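Worksheet: one structure, shown below.
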Amino acid sequence: MTAPPTLRLARADLDALLDAVRADGWTVLGPTVREEAIVYDRVDRAADLPAGWTDVQAPGRYRLERRADEALFGYAVGPHSWKRALHPADVRLWRASRTADGFAVDDAPPAAERTAFLGVRACELAAIAIQDRVLLDGPYPDPIYRARREATLLIAVQCGTAGGTCFCASMNTGPGVTGGADLTLTELLEPAHAFVVEVGSPRGAAIVARLASPPPPATEPERAAAGAVVARTAASMGRTLDDPARVPAALQETYDHPRWDDVAQRCLTCANCTMVCPTCFCTQVSDTTDLTGDHAERWRRWDSCFTLEFTHVHGGSVRQTARSRYRQWLTHKLSTWHDQFGTSGCVGCGRCITWCPVGIDITEEVRALLAPAAPAPGGAQ
Amino acid sequence: MALAPDPMLPRRARVLASRQDTRDTWTLELELDGAAPLPFAPGQFNMLWPFGVGEAPISICGDPAEPARIVHTVRAVGAVSQAIAAAAPGAVLGLRGPFGHGWPTVQAIGHDVLIVAGGIGLAPLRPVILELLAHRGQYGRAALLYGARTPADALYGHELDAWRARGLQVLTTVDVADRAWTGAVGVVTRLIPRAEVDPARTVAMVCGPDVMMRFTAQELTARGFPAARVHLSLERNMRCAVALCGHCQYGPTLLCRDGPVLTWERLRPLTSVREL
Amino acid sequence: MSEALGLEDVLREHPFTTGMRPEHLRELAGCAREVLLAAGTFPIREGDAADTFYALRDGAVAIEVHAPSGPLVVQTLHAGDVLGWSWLFPPYRSAFDARVVEPARALAFDAPCLRGKAERDHELGYALMLRMARVFTSRLAATRLQLLDLYGPRA
């Protein structure tokens, strides 16, 4: 087997690449500026991309700012993640009608449009791999996710800018893309605006093969420059999760830690963190009927462990307090996810920190929970 | 463990018979289209769907040897369970299942068996009892300790004597009674010393309200029943039943996938955590 | 079966005396006699002098309280249980009825005899009180659970 080819694509040829992707039957979703944020939406031309924009992120804070250059991917990650496309927020599972022999279910198999994701970051590839694990590798794979996942082309982009809340380097999920993408782009801004393109799969190779003027191989300096982009980003990472190997087991000793009371004073249980998280997968189903009562539908919607109803059982909800709900979310992400799915539930993308209205920082909470001098609570009966 | 063929879609299950067991509890017998069998392991559950109302997880309490006759005992406590309980013969319910990891009936072969049930918790254990009695010789001594609120709230009263006659020690107790009741009065844990089993070689299966199971498991371990052989069936908010929706998480477990039956050895460290 | 056993042997086999020193067992046995409680009889009546303490060997005894609507059963006692604790404290009056549901063999202890020995020998008194305390706590724990009405409807 030959080494995967590494090519050079001029900025001006990006539209040709997008044309080739579409010509291969894919609709392209990618980053675009909408309502003062970089979100994922349909992208037809390179001009739809957020040229010259970057995002400034801090706990509870997200702002777009102009860059000094025309970088297309010069931002970190926005409020959207690809789970919106793969694991939709609102989807009808089936319809049923009353019939003479009870009811009949309309069980049309889930359809999925062939969709290319443009601008997938390393942390997002890791998040997709985690959702694959949760939604496909269990005893009952989710057919909706599977249909969409199989109809997905992944065009990754190496991160040239670390966000102010990112910590993927400590989660070992980035910033460098190390696999899992069909094509991987590294954006170079000098000496000329261009992309180093790595082909990661036969699907990716098929796209490249469609280009009318085949791109030349990247030169050694271009490849070195691409490597430097990732190294620079890794070095400028905004945050760190301390001692990640120790975290999963150690957190399970913190259930009674007073820090949970502290964070509960700040947490609004608004569920923003679960909505922006690229791995949070929880859903609820609700049944609806029309006015005749003869037609029923079952809808599946994103749910959040921050709601009181989430743990409803006969007699009440198990997790009554903000303390227990925040604790559930954090320990699930970083600890019990390992028990349940053999992987972390966190990729260090920082979205939960940025989009928390009160700026709760998961890395800071873990640091406080696992601080060596943690005071032991009393053992009252 | 049997896996549901198409886990997302409800199948038609017609009510063949309905019987009111107590003030608030009904037992339904159901049949799939064409009397298709629904093989299940004792302790597994189905998701039952009264058309358009919503779904609820209900333990299967029929005889594993008769998989075409699907039996559910339902306590009418919410909108969905009330609609299920009210389903009359001829009505059709949606059914998904069976789901979950059930009781250790196979591992219990060659052991003494102690079954401790509280309230409607006897329903998920009924298949264990029927399987045990059908293969009585394969098990050692066997006892059922059953606690209910009042004598009128006890389930399967008509069957207890038959089980006794077939080689199961049956002790019953209620929380509240007048003199007409000749059984014990008190919590079910008070029956444990009277169970004629050898703790060291017993597989124990416990089902009832959370608090009852926790105290029962503590009492059992205090009396020498090994925690690894004390099994509890937990109830949490099961929605999808296929480990995809996240609602039934209990610490490191997903109860619909890893449970609902888990050992006390595994549960003990979790039960001390509030609001887990 | 029991005919072959002396009083001390019967006492030693009862769970109440688990771990008790032989000399203490002997002292306790000196206050005890074997009795057969017939079904339907009341070994203890509310308000009566609490002069006897029972260790049940089998059968069943119901602790009852009488109410205008009729007697209510609070709890039943069985093999291995002990019956009666009002004899420990003045005014030594029984607080509940005890009705024999199933005929029971028991050891019946003369309460003044027990109190006297415990007073004279605090080592014995401590061994006795320790066991009584264990009965109280486990009975209280069981009663608390019973009060929770765990199986009842919760609004």
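To find a chain, count down the sequence lines: A is the first, B the second, and so on, and within it residues start at 1. All values reported here derive from a predicted model rather than from experimental measurement.
Applying the 6.0 Å contact sphere to CZ of C/R144 captures no more than 12 heavy atoms from other residues, nucleotides or ligands. The neighbour count for C/Y126 OH, taken as heavy atoms of other residues, nucleotides or ligands under 6.0 Å away, does not exceed 12. Atom CZ of B/R19 has more than 12 heavy atoms from other residues, nucleotides or ligands within 6.0 Å. In the displayed structure, B/R201 atom CZ is contacted under 6.0 Å by more than 12 heavy atoms of other residues, nucleotides or ligands.
At a threshold of 4.5 Å between non-hydrogen side-chain atoms, the residues C/T76 and B/W181 do not count as touching. Within the 4.5 Å cutoff, the side chain of B/R190 has heavy atoms near those of the C/L77 side chain.
The residue from C/L147, C/L148, C/L145 that alone fulfils the side chain to side chain contact (heavy atoms under 4.5 Å, CB included) condition with B/V187 is C/L145. When the options B/V185, B/T173, B/V176 are evaluated for a side chain to side chain contact (heavy atoms under 4.5 Å, CB included) with C/Q146, the one that passes is B/V185.
Proximity to chain B involves both the backbone and the side chain of C/V73, based on heavy atoms less than 4.5 angstrom apart. Contacts between C/A60 and chain B at a heavy-atom distance below 4.5 Å are absent for every atom of the residue. Proximity to chain C involves both the backbone and the side chain of B/R179, based on heavy atoms less than 4.5 angstrom apart.
Residues B/A184 and C/H78 share a closest heavy-atom pair of CB-NE2, 3.5 Å.
Atom CZ of B/R149 and atom CG of C/L150 lie 11.0 Å apart (nearest 0.5 Å). Atom CG in B/D153 sits 11.0 Å away from atom OH in C/Y151 (nearest 0.5 Å).
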